[in-house]
Amino acid sequence: MKNIWIIANWKSNKNIQEALDWVAKVGPQISKEENLKVIVCPTFSALSEVKKAIQVGNFPMLIGAQNLSSFGIGAYTGEEPAAILKQFADLAILGHSERRKNFHETDEMVAKKVEQALANSIIPLVCVQNEETPVPKDCNTIAYEPIWAISTGLTNTPGAGRADTPEDADKVAGVFKQKYGPQLEIIYGGSVDSSNVEGFITQENIAGVLVGNASLDAEEFLKIVKACEEI
Ligand code: PEP
């Protein structure tokens, strides 16, 4: 049975109390299933408390960071090194289009971040924007997120802020598998919600969803998880 990753990317949202309220609502409702990988990615400052809440509740969830430093421990003011983040994070979202756009992250920086993540046993989840985005060496999990499909509308193109079709996302995922090998797991991201999630996760080449806006609401996120559990 293929893995189904359901990853909540909260971006710069939720203070610690809001994060804990969400975990208290979502955690007890998630079924323990080997292939279901539910991961929440809070802000750096909420990671520690969210991790504690998940451990205390014994919820079948993992924790992700939304970024990490391309450097190690040392004199890098303001950076979060993987060697420290590994206390909290099982996974890190790397090369998100918002980071590429707003913080000028390049493919080279993303490749260095992947190296840091792997050296510290953090799963790198690299966001690729189209078939041309390179997948760094030894990275086996990517999120195909066409920029125009992100719900907040990173582009002004007509149709922006709407999900890709499951069929098109599957085709792109197939191209990545052909290029990099069958071990690569491809997650789809971009305007996923409870009404369209089933279409994506039932595609042959798609192994889950990365959810931004719709993950902020605990009830809506749970509906997404339940839809995946029923497949
Ligand atoms: C994202 O930005 O990673 C994302 C998937 O956002 P949204 O679901 O809001 O389109």
Side-chain angles (χ1 to χ4, degrees), residues 4-14 18-19 22 26 37-44 46-47 62-68 89-105 107 110 113-114 117 122-130 133 135 139 141-166 168-170 172-173 176 185-201 203 205-228:
I4 298 191
W5 302 75
I6 311 165
I7 303 178
N9 176 13
W10 286 352
K11 309 189 182 186
S12 298
N13 291 289
K14 292 197 189 291
E18 290 163 342
W22 186 99
V26 170
K37 312 225 177 268
V38 180
I39 304 185
V40 58
C41 305
T43 59
F44 285 132
L47 280 171
L62 297 171
I63 304 187
Q66 300 170 22
N67 182 27
L68 52 74
D90 304 291
L91 171 145
I93 300 172
L94 300 176
H96 191 281
S97 47
E98 287 158 1
R99 295 211 56 83
R100 292 179 193 257
K101 181 175 180 205
N102 298 321
F103 304 99
H104 313 293
E105 249 177 44
D107 293 334
V110 173
K113 290 177 182 210
V114 168
I122 295 174
I123 300 167
L125 173 67
V126 169
C127 297
V128 299
Q129 287 69 41
N130 57 54
T133 313
V135 176
C139 172
T141 318
I142 63 170
Y144 167 54
E145 294 207 317
I147 297 183
W148 48 264
I150 305 275
S151 68
T152 42
L154 274 179
T155 62
N156 299 322
T157 47
R162 254 186 288 143
D164 198 351
T165 63
D168 189 53
D170 187 57
V172 175
F176 274 101
E185 291 185 283
I186 300 115
I187 294 164
Y188 169 76
S191 298
V192 171
D193 59 26
S194 60
S195 72
N196 62 14
V197 63
E198 186 182 341
F200 290 103
I201 57 161
Q203 299 296 319
N205 296 307
I206 294 182
V209 284
L210 178 55
V211 189
N213 197 38
S215 75
L216 294 173
D217 180 69
E219 274 81 31
E220 173 62 7
F221 186 71
L222 269 174
K223 282 190 200 162
I224 293 171
V225 175
K226 293 293 150 199
C228 295

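Not measured: the values here are computed from a predicted model. In listed order, ligands and their atoms are each counted from 1.
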(request) Decide whether the shortest distance between a heavy atom of Ala214 and an atom of ligand 1 is less than 4.0 Å. (result) no

Which residue and heavy atom of the protein sit nearest [atom], plus the separation:
atom: atom 1 (C) of ligand 1; answer: His96 NE2, 3.2 Å
atom: atom 9 (O) of ligand 1; answer: Ser151 OG, 2.5 Å
atom: atom 5 (C) of ligand 1; answer: Glu145 OE2, 3.0 Å
atom: atom 2 (O) of ligand 1; answer: Lys11 NZ, 2.6 Å

(message) I need the Asp217 CG to Ile224 CD1 distance, nearest 0.5 Å.
(response) 9.5 Å

(message) Working to the nearest 0.5 angstrom, can you tell me the gap between Ile4 CD1 and Ile206 CD1?
(response) 11.0 Å

(message) Could you tell me, atom by atom, which parts of ligand 1 come under 4.0 Å of a heavy atom of Gly190?
(response) 5 (C), 10 (O)

(message) Need the ligand 1 atom indices (1-based, order shown) with element for anything under 4.0 Å from a heavy-atom of Leu210.
(response) 3 (O), 5 (C)

(message) Would Gly212 count as being in polar contact with ligand 1, using the rule that some N or O on each side must be under 3.5 angstrom apart?
(response) yes

(request) List for me each residue that meets side chain to side chain donor-acceptor pair (under 3.5 Å) alongside Asn205, sequence neighbours excluded, and say none if there are none. (result) Asp170

(message) Can you tell me which residue among Lys223, Lys226, Glu220 is in a side chain to side chain donor-acceptor pair (under 3.5 Å) with Ser194?
(response) Glu220

(request) With sequence neighbours left out, write down each residue that passes salt bridge (charged side-chain N to carboxylate O under 4.0 Å, His left out) with Asp107, or none if nothing qualifies. (result) Arg100

(request) Could you check whether the rings of Tyr188 and Phe200 sit parallel, tilted or perpendicular, using 30° and 60° as the cut-offs? (result) parallel

(request) For ligand 1, note which part of Asn213 has a heavy atom under 4.0 Å away: side chain, backbone, both or neither. (result) both

(message) Give me the atom names and distance for the closest heavy-atom approach of Ser97 to Gln129.
(response) N-NE2, 3.6 Å

